[in-house]
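A quick write-up on the structure given underneath.
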Amino acid sequence: QARLRESGGGLVQAGDSLRLSCAASGRPFSRTSLAWFRQAPGKEREFVAAISWSPNNTYYADSVKGRFTISRDNTGNTLSLEMIDLKPEDTAVYYCASATGLLHRLAVRNIKVYDSWGQGTQVTVSS
């Protein structure tokens with residue numbers, strides 16, 4: 001399993017931007033599928049975005065498409081999530097996740113395929 005550690009969360013106002021990072025170790029980073037999920041209070045953890053590695057295809061939840069951008073730095077073993085035009089409904093704990101190998105595009109949104117998770121970072125968007 002990979003070891004993942006998120007950073008970059010915080011309290012922002014609606015319309016602001018924020019960049020989350022996830023530092024990874026313990027698994028060959030360049031050959032893992034990576035994703036961001038989030039969990040709001042009282043709700044289930046939900047898919048936000050994912051990125052594969054051959055090629056670097058990206059996938060987004062409809063609720064964040066056009067506002068969030070996922071990217072990976074295979075040299076620095078870092079996964080990022082650039083978030084713009086944040087909304088109060090984006091408030092949640094954000095988790096990065098890792099899975100070995102190349103996931104099918106229909107599988108990237110499935111929480112069960114990821115076997116490594118970070119501890120999460122809180123994002124709070126005030127109105």
Side-chain angles (χ1 to χ4, degrees):
Q1 289 188 339
R3 291 181 293 277
L4 306 172
R5 186 175 73 252
E6 303 93 339
S7 61
L11 172 62
V12 298
Q13 294 185 333
D16 283 352
S17 301
L18 206 58
R19 183 181 181 90
L20 304 182
S21 295
C22 175
S25 62
R27 169 183 283 169
F29 186 82
S30 62
R31 292 182 176 271
T32 58
S33 297
L34 301 164
W36 289 97
F37 285 76
R38 67 186 181 186
Q39 187 166 18
K43 295 187 177 181
E44 293 186 351
R45 194 169 298 189
E46 65 175 5
F47 171 78
V48 175
I51 186 167
S52 60
W53 52 271
S54 182
N56 282 353
N57 291 328
T58 56
Y59 309 88
Y60 296 94
D62 289 343
S63 59
V64 306
K65 198 172 296 184
R67 299 188 298 120
F68 291 12
T69 302
I70 188 171
S71 62
R72 63 190 297 162
D73 175 1
N74 288 341
T75 300
N77 288 4
T78 302
L79 174 70
S80 297
L81 185 67
E82 187 75 34
M83 306 183 292
I84 65 171
D85 190 24
L86 283 161
K87 304 176 180 181
E89 51 263 42
D90 294 319
T91 294
V93 177
Y94 283 70
Y95 300 89
C96 65
S98 169
T100 301
L102 189 62
L103 298 178
H104 190 274
R105 60 181 178 82
L106 297 179
V108 296
R109 292 171 170 79
N110 186 349
I111 194 172
K112 296 180 180 179
V113 304
Y114 296 93
D115 61 358
S116 300
W117 294 84
Q119 83 290 347
T121 185
Q122 176 70 47
V123 173
T124 303
V125 184
S126 63
S127 57

Once rounded to the nearest 0.5 Å, what's the spacing between atom [atom1] of [X] and atom [atom2] of [Y]?
{"X": "F47", "Y": "R38", "atom1": "CZ", "atom2": "CZ", "value": "11.0 Å"}
{"X": "Q1", "Y": "W117", "atom1": "CD", "atom2": "CH2", "value": "12.0 Å"}
{"X": "L4", "Y": "N77", "atom1": "CG", "atom2": "CG", "value": "10.5 Å"}
{"X": "L18", "Y": "D90", "atom1": "CG", "atom2": "CG", "value": "10.0 Å"}
{"X": "L103", "Y": "T32", "atom1": "CG", "atom2": "OG1", "value": "9.5 Å"}

Closest non-hydrogen atom pair, L102 against S52: CD1-CB, 3.6 Å
List the atom of S127, the atom of P88, and the distance in Å for their closest heavy-atom pair. CB-CG, 3.8 Å
Sequence neighbours left out, what passes side chain to side chain contact (heavy atoms under 4.5 Å, CB included) with A35? Give chain and number order. F37, A50, Y114
Only counting residues at least two apart or in another chain, list the ones meeting side chain to side chain contact (heavy atoms under 4.5 Å, CB included) with K65.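 K65 satisfies side chain to side chain contact (heavy atoms under 4.5 Å, CB included) with Y60, D62 only.
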Same apolar cluster: [X] and [Y], side chain cutoff 4.5 Å:
{"X": "I51", "Y": "Y94", "answer": "yes"}
{"X": "V125", "Y": "V48", "answer": "yes"}
{"X": "V93", "Y": "L11", "answer": "no"}
{"X": "V108", "Y": "V113", "answer": "yes"}
{"X": "Y59", "Y": "F68", "answer": "no"}

Quick check on E44: does its CD atom have over 12 non-hydrogen neighbours (other residues, nucleotides or ligands) under 6.0 Å away?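 Count not over threshold, so no.
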Taking everything shown except Q13 itself, do over 12 heavy atoms lie less than 6.0 Å from its CD? no
Suppose we screen for side-chain hydrogen bond (donor to acceptor under 3.5 Å, both in side chains). Which residues come up paired with T124, at least two apart in sequence or across chains? Q122
Please report, to 0.1 Å, the donor-acceptor pairs under 3.5 Å made by any side chain of residues 78-86, with sequence neighbours excluded.
{"residue": "T78", "atom": "OG1", "partner": "G76", "partner atom": "O", "Å": "3.0"}
{"residue": "S80", "atom": "OG", "partner": "R19", "partner atom": "NH2", "Å": "3.3"}
{"residue": "E82", "atom": "OE1", "partner": "R19", "partner atom": "NH1", "Å": "2.5"}

Expected output: side-chain W53 to main-chain G101 donor-acceptor under 3.5 Å: yes
Given 3.5 Å as the limit, does a donor-acceptor pair link the side chain of Q119 with the main chain of R5, or not? no
Salt bridge (Lys or Arg N to Asp or Glu O under 4.0 Å) contacts in which one or both residues fall within residues 101-111, not counting sequence neighbours: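 Counting only pairs at least two positions apart or across chains, no salt bridge (Lys or Arg N to Asp or Glu O under 4.0 Å) contact touches residues 101-111.
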Extract all donor-acceptor atom pairs below 3.5 Å that involve side chains of residues 20-29 and protein atoms in other chains or at least two apart in sequence.
{"residue": "R27", "atom": "NE", "partner": "T100", "partner atom": "OG1", "Å": "3.3"}
{"residue": "R27", "atom": "NH1", "partner": "S98", "partner atom": "OG", "Å": "2.9"}
{"residue": "R27", "atom": "NH1", "partner": "D115", "partner atom": "OD1", "Å": "3.1"}
{"residue": "R27", "atom": "NH2", "partner": "T100", "partner atom": "OG1", "Å": "3.2"}
{"residue": "R27", "atom": "NH2", "partner": "D115", "partner atom": "OD1", "Å": "3.1"}
{"residue": "R27", "atom": "NH2", "partner": "D115", "partner atom": "OD2", "Å": "2.8"}

